[in-house]
Amino acid sequence: MSQNPPQLRPDLAPAPVFDAAPRDGQPTIGMVSLGCPKALVDSERILTRLRAEGYAISPDYKGAGAVIVNTCGFLDSAKAESLQAIGEALAENGKVIVTGCLGAEPEYITGAHPSVLAVTGPQQYEQVLDAVHVAVPPSPDPFIDLLPASGVKLTPRHYSYLKISEGCNHACKFCIIPDMRGKLVSRPAHAVIREAEKLVEAGVRELLVISQDTSAYGLDRKFATERGHRAHITDLARDLGSLGAWVRLHYVYPYPHVRDLIPLMAAHGETGGLVLPYLDIPFQHVHPDTLKRMARPAAAARTLDEIAAWRAACPEITLRSTFIVGYPGETEAEFQTLLDWLDEAQLDRVGCFQYENVKGARANDLPDHVPDEVKQDRWDRFMEKAQTISEAKLAAKVGQRIEVIVDAVDQDGATCRTKADAPEIDGNLFIDEGFEALSPGDIVSVTVDEAGEYDLWGRL
């Protein structure tokens with residue numbers, strides 16, 4: 001067991017979990033998946049297609065016929081991490097196929113690593129498969145290479161990311177995701193529900209709904225109803241909640257219709273409890289001038305009103321958000337407004353980035369960039385504030401009886417999560433006595449005995 005570190009990057013997915021060893025003579029592909037949960041879902045889709053063609057998946061470089069590196073291009077530091085991973089794969093294996101967000105800039109990759117076999121952009125699954133076929137020809141055995149009904153999953157068996165749309169219609173100056181992944185394209189609601197049904201049938205106990213903008217789901221489809229399911233986030237959440245698994249909503253922009261989701265989360269009411277009382281909302285900042293420079297809606301005051309309304313309708317709701325400090329032009333007064341707002345909003349879970357230039361982002365051309373030492377100081381002060389709030393909120397849970405889902409069990413105890421905790425980015429609840437009969441995926445009731453800055457301890 002290990003405690004949750006306080007500076008987890010909220011753009012990272014959990015480390016991939018790979019499955020069984022290959023059969024004799026089976027062609028094998030390695031996979032390195034970097035970046036956010038949305039990229040992890042792309043990796044799962046690629047590997048599902050490869051498994052269907054008879055390939056085995058290697059968790060490391062050795063023994064793999066070639067390695068796919070699914071890259072991240074969100075920040076310059078993420079780009080550097082991607083280039084480092086590509087170089088490591090080339091050194092360890094020699095045959096490397098690059099895909100993902102950074103693949104939208106092929107010359108950036110080939111300039112650093114000219115020996116890569118191929119470079120494809122995000123969601124270009126066919127091109128990835130074509131490159132794999134050239135590097136490592138398929139050799140399927142239809143009597144042995146059986147694909148699980150739920151496809152290949154890179155998360156533990158008891159939870160799964162469920163991507164409901166791709167792309168984004170926002171034009172935030174600090175972000176190049178729309179340039180790499182395009183405008184909003186929502187999946188048909190019936191297709192999302194069918195995938196969720198298969199996952200739950202295969203034993204998944206928690207569905208983590210992800211996209212670039214979950215609140216906008218279905219807008220491009222004019223919220224049409226197809227095969228009995230309407231493409232609207234409220235309807236989709238209600239349908240997913242009827243499947244019996246925990247449903248957790250990520251990347252929810254605070255549009256007015258988000259208030260219609262809250263009754264699905266509240267413990268009371270006819271539709272209450274269908275969706276976890278948890279909202280992951282990317283506020284990024286609150287000062288109207290900063291938001292204007294970001295090209296984001298300047299509605300911090302109304303946001304506080306919305307938060308108050310959500311909590312009035314669902315007192316148990318957990319609110320998570322991410323923020324950027326040190327954005328170009330951010331003054332000390334603007335930053336202090338953010339700290340004061342956080343004091344008032346009392347968000348339960350908070351992640352924070354120091355602003356970084358990203359090639360192609362319009363924010364690069366803004367005046368008055370903040371010095372690195374000032375960014376670091378503001379990040380430290382912001383996280384100290386967030387930590388104080390988190391510690392007080394967790395202390396208030398001591399003595400409560402709550403439900404948790406078990407993520408892992410080892411000789412020291414069981415690592416669990418409450419309904420208020422998403423995998424990797426939030427805290428844990430640890431059980432260190434009487435845990436021996438527990439297994440990953442179990443949902444059990446515990447009494448909270450102790451609280452820390454980010455984690456809880458409890459007993460059955």
Just by distance, with hydrogens left out, do D220 and S186 show a side-chain donor and acceptor under 3.5 Å apart?
yes
Just by distance, do the side chain of Y327 and the backbone of Q284 share a donor-acceptor pair under 3.5 Å?
no
Are any of the side-chain nitrogens in D239 or R230 under 4.0 Å away from the carboxylate oxygens of its partner?
no
Is the closest side-chain donor-acceptor distance between S82 and T71 under 3.5 Å?
no
Evaluate F382 against L339 for side-chain contact (heavy atoms from CB on, under 4.5 Å), listing each step before the verdict.
CA-CA 7 Å; F382 182 93; L339 290 185; 4.2 Å; yes
Test side-chain contact (heavy atoms from CB on, under 4.5 Å) on E306 and Y255; report intermediate values, then the result.
CA-CA 10 Å; E306 284 294 309; Y255 303 146; over 6 Å; no
Going from CG on N428 to CG on D455, what distance comes out if it is rounded to the nearest 0.5 angstrom?
5.0 Å
Taking H257 for its side chain and S215 for its backbone only, find out whether a donor-acceptor pair lies under 3.5 Å.
yes
Decide salt bridge (Lys or Arg N to Asp or Glu O under 4.0 Å) for D289 and K292; before the verdict, give the C-alpha distance in whole Å, the side-chain angles of both, and the deciding distance to 0.1 Å.
CA-CA 5 Å; D289 293 343; K292 186 175 181 180; over 6 Å; no
Side chains of H158 and D407: is there a donor and an acceptor less than 3.5 Å apart?
yes
Regarding E197 and R194, does a basic nitrogen lie under 4.0 Å from an acidic carboxylate oxygen?
yes
If you measure from OG1 on T234 to CG on L264, what distance do you get to the nearest 0.5 Å?
7.0 Å
Whether R248 and D280 form a salt bridge (side-chain N of Lys/Arg under 4.0 Å from carboxylate O of Asp/Glu) is what I want to check.
no
Can you tell me how far the CG atom of L338 sits from the NE2 atom of H287, to the nearest 0.5 Å?
10.0 Å
Enter the distance from Y253:OH to N169:CG here, rounded to the nearest 0.5 Å.
10.5 Å
Would one find more than 12 heavy atoms of other residues, nucleotides or ligands at under 6.0 Å from atom CD of Q411?
no
Worked verdict on R293 versus H285 for side-chain contact (heavy atoms from CB on, under 4.5 Å):
CA-CA 11 Å; R293 291 195 303 276; H285 211 281; over 6 Å; no
Tabulate below the donor-acceptor pairs under 3.5 Å that side-chain atoms of residues 102-114 make, not counting sequence neighbours, or state none.
unit_1 : atom_1 : unit_2 : atom_2 : d
E105   : OE2    : K79    : NZ     : 2.9
T110   : OG1    : P106   : O      : 3.0
H113   : NE2    : L83    : O      : 2.9

We want to know whether T155 and S160 form a side-chain donor-acceptor pair, criterion being a heavy-atom distance below 3.5 angstrom.
no
CA sep, side-chain torsions, deciding dist, call: R51, I57, side-chain contact (heavy atoms from CB on, under 4.5 Å):
CA-CA 8 Å; R51 277 285 302 273; I57 311 305; 4.1 Å; yes
Here the salt bridge (Lys or Arg N to Asp or Glu O under 4.0 Å) pairs for residues 82-102, sequence neighbours left out, are none
Residue pair Q376 / D380, side-chain donor-acceptor N/O under 3.5 Å
yes
Quick check on salt bridge (Lys or Arg N to Asp or Glu O under 4.0 Å): which of E334, E373, E384, E330 does R378 satisfy it with?
E330
Just by distance, no angles: are the side chains of N70 and S43 close enough, under 3.5 Å, to form a donor-acceptor pair?
yes
For the backbone of G413 and the side chain of D410, can you confirm whether one donor and one acceptor N or O come within less than 3.5 Å of each other?
yes
Around atom CD of E226, are there more than 12 heavy atoms of other residues, nucleotides or ligands at under 6.0 Å?
yes
Spacing of OH belonging to Y125 relative to OG1 belonging to T48, to within rounding of 0.5 Å
10.5 Å
Would you say the ring centroid of H250 lies under 6.0 angstrom from that of Y278?
yes
Salt bridge flag under 4.0 Å for residues K38 and E166:
no
